[in-house]
Amino acid sequence: MSFPDGFVWGAAQCSFQIEGAAFEDGKGPSIWDIFSHESGKMFRGQTGDVSADHYHRYPEDCRLLGEIGIQLYRFSVSWSRVLPEGTGKVNQKGLDFYDRLVNECLKNNIRPCACLFHFDYPYALHLRGGFLNRDISDWFAEYTKVVIDRLSDRVIDWMTMNEPAAFVGGAYEAGINPPGIPVRFPDVLLAAHNTLLSHGKSIQVIRTRAKKKPIVGLPMVALPRVPATESLKDIEAARSRMFSFRNKRAFSYTWYADPMFFGKYPEDGVKLFGRDIPKFPASDMKIISQPLDYFGLNIYSGQIVKATLEGSSESVPFPNGAPQGSTDWIFVLPEIGYWAPKFIYERYQRPIVITENGISSCLDWVHRDGRVHDPYRIDYIARHLLNIKRATDEGIPIQGYHVWASTDGLEWTLGYKQRFGLIHIDYATQKRTLKDSAFWYRDLIRSNGASLSTE
Ligand code: BGC
């Protein structure tokens, strides 16, 4: 039961979560650097100052990823490292780091995939209004140009930004991530629009300046719905919940993906949000809807939905004690591996890449035998892949799968307790240990997924 030919097996991480070296070699402070140093914001006051020290240990990390057989490593570039003030003077030492990282990937037969924005950006730009300032789209384009000009002779895989909906939702709508101040709903929509515009302008730069024909996409947030049964009514109920608004919240697939793929905001959202939507020139939608090569889908958990007798739909709660990761929001619902790509493909008609899937645990430690036993992660990934396989068997074009995460890292405000990696990090010594899941994933990659059926 191999996966389709050319299916790409990857792993992903993000600059702020693993690089450390927060104030080294000319890097400017980022919004997360400042926020994580404020008291009470982070689990046990933990910061990204040192983290997994990937900035210095990337050769070892790339070598280990190469040993696992990872075919594509998705990393993110820190805007603050490259342009400490966000615009203007380039920090060559920061840019050099990504240059070395790319070479190290290639040396280990790994395709480097650069994501330009993963929740974090220069604090100096926040002081100029951040994503509430329309100019951010030009600043982001300027930054894209600097990175593209330096790396695109070797990097062909580019992502503009990770999960725009989660970024705007966490930073501006819920206000739990930096800048940490929830804004009024019209400003949430303004931030969303400026985020979309930044994405669009960035793609224009990538497509016009890249030295090698680029593959461009971005990972979208995980909000899948799964039908309670496979009856047509439940399927329709799940599909409609996945793509419709139930309240005034922009946190959704459609508010972000419809402008990117269809060049317009979804009608039901426009009706519901009304005058809260910012005014913008019609030309914006042309910029935002630059063609994308695939729809990147991050999947972790979901909601079960059933049809009601009145012809409406309702969410079915997980039973007490349902299987869960160590973060509250990850309930194990492997059927998302089938339903999310299926629903997304039906609506957006683009090939799919599963750009993140994984589970965190606070039970990953080095055992007396020197190994890290994480059977739950193996089972979680296997179950999701079996569902993904069902989707590919039915002809849904899924081109690849990336485990979140390559190594353990700082799980944002939840700190170092939450471990998602295939590679365990002992933060006291910086020793790396491949977890059991890494060896399992290695065998899976070697067989292009066929080993799943013989387990
Ligand atoms: C984010 C990662 C995060 C992961 C697990 C994803 O949505 O892109 O940065 O670590 O979820 O919470």
Side-chain angles (χ1 to χ4, degrees), residues 10-20 30-33 35-36 42-43 46-48 51-52 54 72-79 113-121 159-171 173-174 176-178 195 199 217-224 251-253 256-257 295-302 324-333 336-337 340 344 353-362 364 374 376-377 380-381 384 401-425 437:
Q13 251 299 358
C14 137
S15 52
F16 182 74
Q17 293 179 266
I18 56 167
E19 280 179 6
S30 74
I31 53 164
W32 272 95
D33 290 325
F35 181 85
S36 60
M42 306 285 287
F43 176 72
Q46 292 169 348
T47 70
S51 188
H54 184 64
L72 177 147
Y73 173 44
R74 167 190 157 200
F75 58 89
S76 74
V77 177
S78 159
W79 189 344
C113 169
C115 177
L116 292 163
F117 180 95
H118 196 129
F119 300 168
D120 196 26
Y121 66 93
M159 293 178 174
T160 52
M161 37 178 64
N162 181 64
E163 300 183 340
F167 165 64
V168 174
E173 204 161 13
I176 47 170
N177 293 338
T195 302
H199 155 84
L218 80 166
M220 301 294 268
V221 76
L223 299 161
F251 189 58
S252 64
Y253 283 114
Y256 295 86
F295 193 116
L297 206 45
N298 290 353
I299 51 169
Y300 290 91
S301 193
Q324 243 196 302
S326 60
T327 39
D328 285 345
W329 58 276
I330 303 189
F331 278 97
V332 181
L333 184 61
I336 55 175
I344 290 286
V353 175
I354 304 297
T355 36
E356 286 179 26
N357 177 233
I359 191 160
S360 71
S361 158
C362 33
D364 295 353
D374 57 344
Y376 31 80
R377 183 166 292 107
Y380 174 97
I381 295 176
H384 284 76
Y401 172 89
H402 310 169
V403 172
W404 185 271
S406 48
T407 65
D408 290 337
L410 176 66
E411 180 55 16
W412 306 110
T413 55
L414 303 181
Y416 292 103
K417 177 172 101 173
Q418 304 295 340
R419 295 176 177 273
F420 276 90
L422 294 169
I423 301 173
H424 179 272
I425 308 282
S437 56

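Values below: all heavy atoms of this structure, side chains included; hydrogens, waters and symmetry mates excluded. Bear in mind the structure is a predicted one, so any value in this text is a computation, not a measurement. Indexing begins at 1, ligand by ligand and atom by atom, following the structure's order.
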Could you tell me whether the side chain of Thr355 and the main chain of Leu297 form a donor-acceptor pair under 3.5 Å? yes
Close aromatic pair by centroid cut-off 6.0 Å: His118 and Trp404: yes
Any sub-3.5 Å donor-acceptor pair from Gln13's side-chain atoms to Thr407's backbone N or O? yes
Return the orientation label for the His54 and Tyr73 ring planes: parallel under 30°, perpendicular over 60°, tilted otherwise. perpendicular
Check: every ligand 1 N/O to protein N/O pair under 3.5 Å:
from, atom 1, to, atom 2, distance (Å)
ligand 1, 7 (O), Glu163, OE1, 2.8
ligand 1, 7 (O), Glu163, OE2, 2.7
ligand 1, 8 (O), His118, NE2, 3.1
ligand 1, 8 (O), Asn162, ND2, 2.8
ligand 1, 8 (O), Glu356, OE1, 3.3
ligand 1, 8 (O), Glu356, OE2, 2.9
ligand 1, 9 (O), Gln17, OE1, 2.8
ligand 1, 9 (O), His118, NE2, 2.8
ligand 1, 9 (O), Trp412, NE1, 2.9
ligand 1, 10 (O), Gln17, NE2, 3.0
ligand 1, 10 (O), Trp404, NE1, 3.2
ligand 1, 10 (O), Glu411, OE1, 2.7
ligand 1, 12 (O), Glu411, OE2, 2.4

Is it true that Arg377 and Asp364 make a salt bridge, defined as a side-chain N closer than 4.0 Å to a carboxylate O? yes
Any side-chain heavy atom of Lys417 within less than 4.5 Å of one from Gln46? no
